[in-house]
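Down below is the structure, laid out as structure tokens.
Bear in mind that the values here come from a model prediction, so they are computed numbers and not experimental data.
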Amino acid sequence: MSERAVELLGLPEDRPCLLLDVGCGSGLSGDYISNEGHYWIGMDISPAMLDVAVEREVEGDLLLADVGHGIPFRPGMFDGCISISAVQWLCNADKKSHSPPKRLYQFFSTLYTALARGSRAVLQLYPENAEQVELITAQAMRAGFTGGMVVDYPNSTKAKKFFLCLFVGASGTLPKGLGTECADGEEIRQAKFTNERTRFRNAKGKSVKKSRDWILEKKERRRRQGKEVRADTKYTGRKRRPRF
Amino acid sequence: MKLLTHNLLSSHVRGLRPGGGFPLQIQASEVRVRPVPFNAAFVARLVPRLRWAALLEAAESLGHPSELPPEPAADYEGDESFLRRVHHILLEVEVLEGVLQCPDSGRRFPISRGIPNMLLSEEEA
């Protein structure tokens, strides 16, 4: 997932960037970012997870913070932001004083400020239902982001992943989700028009009678029987003019 | 906490004037130096983002007075020795134990095991 998220970030090649990892936890996604040659600063609300990250000697710098209270950095400092499976927790009201839409808005608006112009935030999340997707996306748009949800493998319950891709400033085209081409078993809703000649085989595995394939096979058979057969040329099995 | 993070970090207590949460004053009780591979391109790109005065002050307060000039020279990108000194100060010096203090509100954020605790109470957020 970290690999796909960094891919969706669309960072310039061969340029080490400064990234923010929201909900970095024990630093698993951070390790991937470091391996790609980038630097990162991670935030997480769980001291236990951050202690694991310290023990694993991750290369990024860590902060103990609640992102629902805001992203505490100066404006325009980061070249990008990733988050793996963290943002959906902002939808939970863990305390009586919490209001999920307010926390989401506080998170997105301060994140927007902390990112540089032209950068992206890619947030992988597990939404509980469509309303959560709506809520999260709406708060992100309110904060000034453009972009939207990219869904990988939408037809598979197991492999389906949601990536919220947000752009700061220049709005790019939203990347396409994986597995969105016609998968096996999916209904083809449109007629496919191709210029190719389709070669059919019928149910028994034999060529359709009178097609070019069938003619060539028949000629082979007759050659094997020792009979005299004309050579195979580009004219073999070609449709003749109607007058023929 | 590296000094790079400190230079980007701002207090987000509610009700501060714009820019009032920066720079956080460091009172460090334990500092360590950990080598990090040098990347000139990355350091060169960071320099324009930094608040230079805050960086120098932070390095002083840690007892690592850097041999950095009061302002980065106009041609800093080609000066490798300068970039190496910046790299050392930003990425290799880490505060393990200490306190960060917000200049305007006076709110203190403890640093423990190298991790600053930026958690706010509900009234402060």
Heavy atoms, side chains only, cut-off 4.5 Å: are B/Asn7 and A/Arg74 in contact?
yes
Answer key: most heavy-atom pairs under 4.5 Å with chain B among A/Leu50, A/Val54, A/Ile41, A/Leu64 is A/Leu64
For atom CD of B/Glu57, is the number of surrounding heavy atoms from other residues, nucleotides or ligands below 6.0 Å larger than 12?
no
Heavy-atom contact with chain A under 4.5 Å, split by part of B/Phe42:
both
Just so I understand: if I count every heavy-atom pair under 4.5 Å between each of A/Asp79, A/Ile45, A/Ile71 and chain B, which residue has the most?
A/Asp79
Answer key: most heavy-atom pairs under 4.5 Å with chain A among B/Glu124, B/Met1, B/Arg49, B/Arg14 is B/Arg49
Quick check on A/Glu128: does its CD atom have over 12 non-hydrogen neighbours (other residues, nucleotides or ligands) under 6.0 Å away?
no
Taking everything shown except A/Glu134 itself, do over 12 heavy atoms lie less than 6.0 Å from its CD?
no
So for B/Arg34, is it side chain, backbone, both, or neither that comes closer than 4.5 Å to the heavy atoms of chain A?
side chain
Highest number of heavy-atom pairs under 4.5 Å with chain B among A/His38, A/His69, A/Glu59 belongs to A/His69
Of the listed B/Asn117, B/Leu46, B/Val36, B/Asn39, the one with the largest count of heavy-atom pairs under 4.5 Å with chain A is B/Asn117
How about CH2 on B/Trp52, more than 12 heavy atoms from neighbouring residues, nucleotides or ligands closer than 6.0 Å, or not?
yes
Hey, is the main chain of A/Pro16 close enough, under 3.5 Å, to the side chain of B/Arg45 for a donor-acceptor pair?
yes
Counting distance only, does the side-chain N/O of A/Asp61 pair as donor-acceptor with the main-chain N or O of B/Thr5 below 3.5 Å?
no
Looking at A/Pro75, A/Cys17, A/Gly76, which makes the most heavy-atom pairs under 4.5 Å with chain B?
A/Cys17
Quick check: are there more than 12 heavy atoms from other residues, nucleotides or ligands sitting under 6.0 Å from CD of A/Glu57?
no
Taking C-beta and beyond as the side chain, do A/Tyr39 and B/Leu4 meet within less than 4.5 Å on heavy atoms?
no
Select one option (side chain, backbone, both, neither) describing which atoms of A/Leu62 are under 4.5 Å from chain B's heavy atoms.
both
Per-residue contact mode, B/Leu50 against chain A (heavy atom under 4.5 angstrom):
backbone
Pick whichever of A/Ala116, A/Ala65, A/Pro72 has the most heavy-atom pairs under 4.5 Å with chain B.
A/Pro72
B/Leu8 and A/Leu18: CA distance, side-chain angles, deciding distance, side chain to side chain contact (heavy atoms under 4.5 Å, CB included) verdict:
CA-CA 11 Å; B/Leu8 308 180; A/Leu18 182 62; 3.6 Å; yes
Side-chain contact, heavy-atom cut-off 4.5 Å: A/Met43 with B/Met118?
no
Measuring heavy-atom distances to chain A, does B/Ile111 have an atom under 4.5 Å in its side chain, in its backbone, in both, or in neither?
neither
Is the closest side-chain heavy-atom distance between B/Leu120 and A/Asp66 below 4.5 Å?
no
